Undergrad: 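Quick one: the structure is below, questions incoming.
Since we're looking at a predicted model, the values are computed, not measured.
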Amino acid sequence: MTTVKRRPIRQRVPWSYRAVIGTLRPVLMGITRRDWSGGEHIPASGAFIVASNHYSEVDPLMLAHFLVDHGRPPFFLAKSSLFAVPVLGAALRSLEHVPVHRATSRATDALAAARAALAEGKCIAIMPEGTLTRDPDLWPMKARPGVGRLALTSGAPVVPVGQWGAQEVLARYARRPGNLLRRPIQKVRAGPPVDLSDLMARKDDPRAHAEATARVMAAVTGLVAELRGETPPETPYEMKAGERHRRTSS
């Protein structure tokens, strides 16, 4: 198991964010063990996008823990419905996370807000799948094109991150955590920025957005495969009509 020396946070973050870090990080340190790797790919300064897999309700916390330990607290693109939840919504706004309004006239607002955050030198974190994977074995599934579009229109590098182990804390769709006394190991690995240089001239082309997203997710899936020591499916699972709101146990 690999640990890292925590880097200091040198960028501006809201006071509420520092309060959350001070509260949650000791809890996560107490209930999990960490196997962090690839930290050399996390920029010490400047804007960048992090793209990661999504298979448990708590894996955003593990991703944030990894990034905070490397001195770069993330600002998440999160579905707008979370901002409507009492208390949680107020907390997300206070922490300056960005709401994503899907399939509405405000859908482009998130892209503009994310580009503005990147212009300030922030780390923007995205789970490109848009929801918990429906793959029966928790492999990354086919993603939405938003991460590719943001990367090409902003010019910010995309650092892929694979993670594995959060399902031992909270299984997909579970209501209560488990195995906390065993302190399950959280494996998080960052890879080198995905090469999208040949697509930058087509920043307004939806096909280029899709290709960029596919490359990002291939890199993420490769990292997950390394962490799991397994071979992923040849083609990613594609969520079918009717699955979007169906909750199944894992």
Undergrad: Considering non-hydrogen atoms only, spot the tightest contact between Val161 and Val220 and give its length.
TA: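 Minimum heavy-atom contact is O-CG1, 3.6 Å.
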Undergrad: Does the Gln167 side chain pair with the main chain of Gly165, one donor and one acceptor, at a distance under 3.5 Å?
TA: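 Confirmed, Gln167 side chain pairs with Gly165 backbone.
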Undergrad: Are any non-hydrogen side-chain atoms of Arg144 and Thr213 less than 4.5 angstrom apart?
TA: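 Side chain of Arg144 against side chain of Thr213, heavy atoms only: no contact under 4.5 Å found.
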Undergrad: What are the two closest non-hydrogen atoms of Arg12 and Pro14, and how far apart are they?
TA: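 Between these two residues, the closest heavy atoms are NH1-N, 4.2 Å.
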Undergrad: Less than 4.5 Å apart, side chain to side chain, heavy atoms only: is that true for Glu211 and Arg202?
TA: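 Not in contact.
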Undergrad: So, for Val50 and Leu67, which heavy atoms are closest and what is the spacing to 0.1 Å?
TA: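 Nearest heavy atoms, Val50 then Leu67: CG2-CD2, 4.0 Å.
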Undergrad: How many angstroms lie between OG1 in Thr231 and CZ in Arg228, if you round to the nearest 0.5 Å?
TA: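 Rounded to the nearest 0.5 Å, the OG1-CZ separation comes out at 10.5 Å.
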Undergrad: To the nearest 0.5 Å, tell me how far Ser52 OG sits from Met62 CE.
TA: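 Answer rounded to 0.5 Å: 12.0 Å.
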Undergrad: Quick one: do Ile126 and Leu223 end up in the same hydrophobic cluster if we chain Ile, Leu, Val, Met, Phe, Trp and Tyr together by side-chain heavy atoms under 4.5 Å apart?
TA: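 The answer is no; the residues belong to distinct hydrophobic clusters.
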Undergrad: Could you state the interatomic distance from CZ (Arg7) to NE2 (His70), rounded to the nearest 0.5 Å?
TA: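 One finds 5.5 Å between CZ of Arg7 and NE2 of His70.
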Undergrad: Write down the atom of Leu132, the atom of Arg134, and the distance for their closest heavy-atom approach.
TA: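 Closest approach of Leu132 to Arg134, heavy atoms only: O-NH1, 2.7 Å.
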Undergrad: To the nearest 0.5 Å, how far apart are CG in Asn179 and CD1 in Ile31?
TA: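 So the CG of Asn179 and the CD1 of Ile31 are separated by 11.0 Å.
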Undergrad: Do Asp59 and Asn53 pass the side chain to side chain contact (heavy atoms under 4.5 Å, CB included) test, and can you show the C-alpha distance, the side-chain angles, and the key distance before you say yes or no?
TA: CA-CA 8 Å; Asp59 56 49; Asn53 55 315; over 6 Å; no
Undergrad: Would the distance check show the side chain of Glu57 and the main-chain N or O of Tyr173 forming a donor-acceptor pair, the cut-off being under 3.5 Å?
TA: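 The answer is no, because no donor-acceptor pair under 3.5 Å joins these two groups.
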Undergrad: Determine yes or no for a side-chain-to-main-chain donor-acceptor pair under 3.5 angstrom, with Asp195 supplying the side chain and Ser197 the backbone.
TA: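 Judged by distance alone, yes, a pair lies under 3.5 Å.
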Undergrad: Of the non-hydrogen atoms in Ala51 and Pro128, which two are nearest, and what is the gap between them?
TA: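 Heavy-atom minimum between the residues: CB-CG, 3.8 Å.
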Undergrad: How about Ile9 and Pro73: do any of their side-chain heavy atoms sit closer than 4.5 Å?
TA: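 In short, these two side chains touch, coming nearer than 4.5 Å.
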Undergrad: Does any N or O in the side chain of Asp137 come within less than 3.5 Å of the main-chain N or O of Trp139, such that one atom is a donor and the other an acceptor?
TA: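 Side chain of Asp137 to backbone of Trp139, a donor-acceptor pair under 3.5 Å: no, none is there.
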Undergrad: Between Pro74 and Leu63, is there a side-chain heavy-atom distance shorter than 4.5 Å?
TA: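 No - every pair of side-chain heavy atoms lies 4.5 Å or more apart.
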Undergrad: With a 4.5 Å cut-off on side-chain heavy atoms, are Val169 and Ser56 touching?
TA: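 Not in contact.
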Undergrad: Are side-chain heavy atoms of Leu61 and His65 found at a separation under 4.5 Å?
TA: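 They are not in contact (no side-chain heavy atoms under 4.5 Å apart), so the answer is no.
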Undergrad: Using only atom types and a distance under 3.5 Å, with no angle test, would you say the side chain of Arg189 pairs donor to acceptor with the backbone of Lys187?
TA: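 No; judged by distance alone, with no hydrogens or angles, the pair does not exist.
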Undergrad: Parallel, tilted or perpendicular, judged at 30° and 60°: which one describes the rings of Tyr55 and Trp164?
TA: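 Tilted: the ring planes of Tyr55 and Trp164 meet at 30° to 60°.
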Undergrad: Quick one: which of Leu152, Val216, Leu150 gives a side-chain contact (heavy atoms from CB on, under 4.5 Å) with Val158?
TA: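 Only one of Leu152, Val216, Leu150 forms a side-chain contact (heavy atoms from CB on, under 4.5 Å) with Val158, namely Val216.
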Undergrad: State the CD1-OG distance between Ile124 and Ser154, to the nearest 0.5 angstrom.
TA: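 So the gap between those two atoms works out to 9.5 Å.
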Undergrad: Is Arg33 reaching over with its side chain to a backbone N or O of Arg183, donor-acceptor style, under 3.5 angstrom?
TA: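 A pair under 3.5 Å: yes.
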Undergrad: Which heavy-atom pair separates Ala156 from Leu118 by the least distance, and what is that distance?
TA: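 In this case the closest contact between Ala156 and Leu118 is CB-CD1, 4.0 Å.
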Undergrad: Using side chain to side chain contact (heavy atoms under 4.5 Å, CB included), reason through Arg6 and Val68 one step at a time and then give a plain yes or no.
TA: CA-CA 8 Å; Arg6 185 184 176 190; Val68 165; 3.6 Å; yes
Undergrad: Same hydrophobic cluster for Met29 and Leu180, using side-chain heavy-atom links shorter than 4.5 Å among ILVMFWY?
TA: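 No, no single cluster joins them.
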Undergrad: Would you kindly say whether Gln11 and Arg72 are connected by a side-chain donor-acceptor distance under 3.5 Å?
TA: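 Present: a donor and an acceptor within the cut-off.
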Undergrad: Closer than 3.5 angstrom, by distance alone: can the side chain of Glu238 be matched with the main-chain N or O of Lys142 as a donor-acceptor pair?
TA: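 A pair under 3.5 Å: no.
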Undergrad: May I ask you to check whether Arg10 and Ser45 show a side-chain donor-acceptor distance below 3.5 Å?
TA: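 Looking only at side-chain atoms, Ser45 and Arg10 do not form any donor-acceptor pair under 3.5 Å.
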Undergrad: Counting C-beta onward and ignoring hydrogens, is there a side-chain heavy-atom pair between Val147 and Ile49 closer than 4.5 Å?
TA: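 Contact flag for Val147/Ile49 side chains = yes.
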Undergrad: Would you say Glu168's side chain and Pro184's backbone share a donor-acceptor pair under 3.5 angstrom?
TA: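 Not a single qualifying donor-acceptor pair exists.
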Undergrad: Ion pair present between Asp198 and Arg215, side-chain N to carboxylate O less than 4.0 angstrom?
TA: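 Yes, Asp198 and Arg215 are salt-bridged.
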Undergrad: Please answer whether the main-chain N or O of Leu138 pairs with a side-chain N or O of Thr133 as donor and acceptor at a distance below 3.5 Å.
TA: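 Not a single qualifying donor-acceptor pair exists.
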Undergrad: Taking everything shown except Arg207 itself, do over 12 heavy atoms lie less than 6.0 Å from its CZ?
TA: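 Open: at most 12 neighbouring heavy atoms sit under 6.0 Å from CZ of Arg207.
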Undergrad: Checking side-chain hydrogen bond (donor to acceptor under 3.5 Å, both in side chains) between Thr153 and each of Lys203, Arg115, His209, which is the one that passes?
TA: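 Between Thr153 and the candidates, side-chain hydrogen bond (donor to acceptor under 3.5 Å, both in side chains) is satisfied uniquely by Arg115.
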Undergrad: I want to check something: taking the side chain as every heavy atom from C-beta on, are His54 and Thr131 in contact at a cut-off of under 4.5 Å?
TA: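 His54 does not reach Thr131 side chain to side chain.
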Undergrad: To the closest 0.5 Å, what do you measure between CG (Asp35) and CD (Gln186)?
TA: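 Reported to 0.5 Å precision, the distance equals 10.0 Å.
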Undergrad: Step by step, work out the side chain to side chain contact (heavy atoms under 4.5 Å, CB included) result for Asp69 and Arg25.
TA: CA-CA 9 Å; Asp69 277 6; Arg25 187 173 181 277; 2.7 Å; yes
